[in-house]
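By convention in this document, chain letters (A, B, ...) are assigned in the order of the sequence lines, proteins followed by strands, and residues within each chain are numbered from 1. Because the structure is predicted, anything quoted here is derived from the model rather than measured. Heavy-atom basis, side chains included; hydrogens, waters and symmetry copies ignored.
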There are 4 protein chains.
Amino acid sequence: MANKTAPDATRRSQRSRQAICEAALALVGETGYDKLTIEGIAARAGVGKQTIYRWWPSKGAVLLDAFTEGVQDGGGTLPDTGDLATDLKAVLRATVDEFNDPAFQAPYRALYVAMVNDSEVSAGFTSKVLEPGTRAYADRIRAAQEAGEVDPDADPELAAEMILSPFAQRWLLRSRPLTHAFTDRLVDQALAGLRPRRA
Amino acid sequence: MANKTAPDATRRSQRSRQAICEAALALVGETGYDKLTIEGIAARAGVGKQTIYRWWPSKGAVLLDAFTEGVQDGGGTLPDTGDLATDLKAVLRATVDEFNDPAFQAPYRALYVAMVNDSEVSAGFTSKVLEPGTRAYADRIRAAQEAGEVDPDADPELAAEMILSPFAQRWLLRSRPLTHAFTDRLVDQALAGLRPRRA
Amino acid sequence: MANKTAPDATRRSQRSRQAICEAALALVGETGYDKLTIEGIAARAGVGKQTIYRWWPSKGAVLLDAFTEGVQDGGGTLPDTGDLATDLKAVLRATVDEFNDPAFQAPYRALYVAMVNDSEVSAGFTSKVLEPGTRAYADRIRAAQEAGEVDPDADPELAAEMILSPFAQRWLLRSRPLTHAFTDRLVDQALAGLRPRRA
Amino acid sequence: MANKTAPDATRRSQRSRQAICEAALALVGETGYDKLTIEGIAARAGVGKQTIYRWWPSKGAVLLDAFTEGVQDGGGTLPDTGDLATDLKAVLRATVDEFNDPAFQAPYRALYVAMVNDSEVSAGFTSKVLEPGTRAYADRIRAAQEAGEVDPDADPELAAEMILSPFAQRWLLRSRPLTHAFTDRLVDQALAGLRPRRA
DNA sequence: CGCTAATCGAGACGGTACGTCCAGTCTTAAC
DNA sequence: GTTAAGACTGGACGTACCGTCTCGATTAGCG
């Protein structure tokens, strides 16, 4: 009923789809997001341009698909040793290491650009990658709350944001280095709050 | 140092500089960052393209200059009524309103894109706009700390990041609405921390 | 052979080719060769610049193609009334009129410029336009030679050059007016030679 | 009285004039006419652009000045041994050698381009360089005429054109090689004419 | 198992913007 | 008042991609 007859997904070439995703990831790693071109992806993938335009609306969408291809597990779950601070610190330290790896940075940063430009990609990336990540933290905090380790009035979702966002901003803006010390203090201060405690 | 002989800044036309900055801001508001073109800016400003290329390395840099032109006050200071929570909430509520204004969003969002792409712009924007903003919060928190309102072990800089970053992320990713309720709870939870308090 | 993969000529748009040639001729007539621009041709023809660059190496080459498009007959033949002088004079008088027509001058003069600059164009124009023209004269002279009207030792090719070149030079340099009297005397003197004849 | 106050020629820097002419000749030899730029000449001559624009209307005019600077003798005179054919052949052979010298070709060819484009340059070059050259030939032919060696009805000016123009055209169009044999036959045929002579 | 319609690789097309080069004008400071 | 220097507006250069469009040549699913 659309004026453009929709393509028949059952006939879609998985071979091409795969090649396009791989080419997109490879190229974005080599040249950065804004030098990533549809023509470049098509050439690298040995594919006609139309095959990309047929199935994706923008290069951001290709990148999102390519990125979520391998990471569709949904974000997973945080460990629960019974000590919230320890668990959060451990996971954040691992994440710090991941984000300091140049090979990982390029496509991830590219996706951020795509996202800020394009609210479709923004929605997709948020729901497929970011939300599950935040939820994993919130779940772990909620578990601690149920165990009495966390104030019942606290909002676990908000708490997750307060821990993850400073991390994300630092990485995104390269304003300050991402270190284990930083994430450790982040957890400590989120737990302790600013108000003085009576000994 | 530079292999291209640097232009003589003393002969620079302030008239053109002004016109370029205004055109850049106007256009980015009308069309968004990725449709912002050097040619467009030049045409709007009634200026030769070369005059832009002579003085700025990229459209991101132009935008940064244009943006910081009117906002060079350094971030200012937060009010101090003696009650930290009240002051933070008041300022954040105002900021929420500002960031929900579409007229303000476009250039600011554009700068974010420019920043993620270009580490030069990133450094400039961080040091000229973001750092002073964060410092204003940190200063207010430090003042509260000296007044005994905040735990002496807390880190005011980190506290400022924990309050501002969730705000920035929400705005950037459009993941959840920016409301006064959100920022109020943000302040409360930052102050209280997660750990339960003995009444 | 070529390092740039050659375009596929079978898929070439004849519509565009035609429009480009017409636009080039029209523009060169309106503005002259050095104000003729590829951009101008493309705009006038309603064509992308790349379509010109894909098929022609320079604006001179476009002009050559445009010019030879309508004149591919090969130069034709001169009339043969049995009297060489009469025939040569008649044809030259017609050519004088043609070259004094401003509408004809512009593209022809433009081609001369293109030619002097660019030896490719030079070769093309010479072989497609000038050689056939000269040959037509040489053929007529050879016919006269075979009829005993011309000295058997004379070189018809050279004779053609001696008649046509002074004509071309005068036109090219605008040094002296092109008149019927001039070409008449040219023919007479070429036939008679300089040496006195015992009558 | 002109709206642009004419520059005061008495204050003109001969130093600059000299440098500009030398730079123009050097550059045209290195890069060809159409890559010759006013900026390039100014830079090479260590001169401001305005100094060129003040004194010359176009790059063709500069080139013409530069070229005629060293050749202001007026064309000179042809030798007169009493045998016209011998004298003409000798001079033409020398000219052939000159025009086959690449170092001489470039600026001369450049001037031709300038000329075809620009009727001012055309007039200047014709009157300062070409006319005197042609006149020298015409004078020698006229002398022969007075000596009875040439038909009294022949036109020496036209005869000079008939000898020099084929030469010029061949060189200009690179259509055929310039050789001694060619110019020798040119002279012979111009003298003999086409019509058969009774032995 | 062959038919037929959609997808495929390829790439020409009309366009837009790029970043560079130069034209020709104007301004400044040195002489 | 001319000069060297060079910033200015303007515009064409030749290149790179955009997104659309046509081409055969596969290639899948249905008959």
Side-chain angles (χ1 to χ4, degrees), chain A residues 4-13 15-16 19 35-43 45-55 57-59, chain B residues 4-5 7-13 15-16 19 35-40 42-43 45-55 57-59, chain C residues 4-5 7-13 15-16 19 34-43 45-55 57-59, chain D residues 4-5 7-13 15-16 19 35-40 42-43 45-55 57-59:
Chain A
K4 290 279 177 181
T5 51
D8 179 349
T10 66
R11 299 192 147 221
R12 181 168 188 181
S13 159
R15 216 175 158 294
S16 296
K35 294 194 178 166
L36 180 69
T37 66
I38 300 278
E39 286 201 340
I41 297 171
V47 142
K49 285 201 290 179
Q50 200 59 262
T51 302
I52 299 182
Y53 284 111
R54 187 162 17 238
W55 302 110
S58 68
K59 67 177 179 176
Chain B
K4 290 277 177 183
T5 53
D8 179 349
T10 66
R11 313 189 72 182
R12 182 169 188 179
S13 161
R15 214 175 160 294
S16 297
K35 293 193 179 165
L36 179 68
T37 65
I38 300 275
E39 285 201 337
V47 142
K49 283 201 287 179
Q50 203 58 36
T51 301
I52 299 183
Y53 285 110
R54 190 167 12 244
W55 301 110
S58 66
K59 67 177 179 176
Chain C
K4 289 277 177 183
T5 52
D8 180 349
T10 66
R11 313 189 75 183
R12 182 168 187 180
S13 160
R15 214 174 160 295
S16 297
D34 53 354
K35 293 193 180 166
L36 179 69
T37 65
I38 300 276
E39 284 201 337
I41 297 171
V47 142
K49 284 202 287 179
Q50 203 58 39
T51 301
I52 300 182
Y53 285 110
R54 189 165 13 242
W55 301 110
S58 67
K59 66 179 179 176
Chain D
K4 289 278 175 182
T5 51
D8 180 348
T10 66
R11 298 193 152 226
R12 182 169 187 182
S13 159
R15 214 174 159 295
S16 296
K35 293 194 178 167
L36 179 68
T37 66
I38 299 279
E39 285 201 340
V47 142
K49 285 202 291 178
Q50 201 57 259
T51 303
I52 299 182
Y53 283 111
R54 190 168 5 247
W55 301 109
S58 68
K59 68 177 179 176

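- One N or O donor and one acceptor, one from the side chain of B:Gln50 and one from the base of E:dC21, sit under 3.5 Å apart.
- Nearest-nucleotide positions on DNA chain E place C:Ser16 closer to the 5' end than the other of C:Ser16 and B:Glu39.
- Residues B:Ala9 and B:Trp55 approach most closely at CA-CH2, 3.8 Å, considering heavy atoms.
- Rounded to a whole Å, the CZ atom of A:Arg15 is 13 Å from the P atom of F:dT26.
- Residues B:Gly46 and A:Arg11 each lie close to DNA chain F; by heavy-atom proximity, the contact nearer the 5' end of the strand is made by B:Gly46.
- Map B:Ile38 and C:Ala9 each onto its nearest nucleotide of DNA chain E; the residue landing nearer the 5' end is C:Ala9.
- Spacing between atom NZ of C:Lys35 and atom P of F:dC13 amounts to 14 Å, rounded to whole angstrom units.
- Contact detail for B:Leu36 and B:Lys59: the closest heavy-atom pair is O-NZ, 2.9 Å.
- If you take CG of B:Asp8 and P of E:dA29, they are 10 Å apart, rounded to a whole angstrom.
- Of the candidate nucleotides E:dG24, F:dG19, E:dA17, F:dG19 has the atom lying nearest to any side-chain atom of A:Tyr53.
- By the neighbour-count criterion of 12 heavy atoms within 6.0 Å, atom CZ of C:Arg15 is sparsely surrounded, having that number or fewer from other residues, nucleotides or ligands.
- A distance of 11.5 Å separates OG1 of A:Thr51 from NZ of A:Lys49, quoted to the nearest 0.5 Å.
- At E:dC13, one or more side-chain N or O atoms of C:Trp55 fall inside 4.0 Å of OP1 or OP2 (strictly under the cut-off).
- Within the nucleic acid shown, A:Thr10 comes within 4.0 Å of sugar-phosphate atoms alone, with no base atom in reach, counting heavy atoms only.
- In this structure, C:Arg12 places its CZ atom where more than 12 heavy-atom neighbours from other residues, nucleotides or ligands lie under 6.0 Å away.
- Atom CD1 in C:Ile52 sits about 13 Å away from atom P in F:dT15, given to the nearest Å.
- Phosphate proximity of F:dC8 to B:Arg54: present, with a side-chain N or O under 4.0 Å from OP1 or OP2.
- In this entry the distance linking CG of C:Asp34 with P of E:dA23 reads 12 Å, nearest Å.
- Atom NZ of A:Lys59 and atom P of F:dA16 are 16 Å apart (whole Å).
- Within the 4.0 Å cut-off from OP1 or OP2 of F:dA4, at least one side-chain nitrogen or oxygen of D:Thr51 is found.
- Counting atom types as modelled, B:Lys49 pairs no side-chain N or O with a base atom of F:dG10 as donor and acceptor under 3.5 Å.
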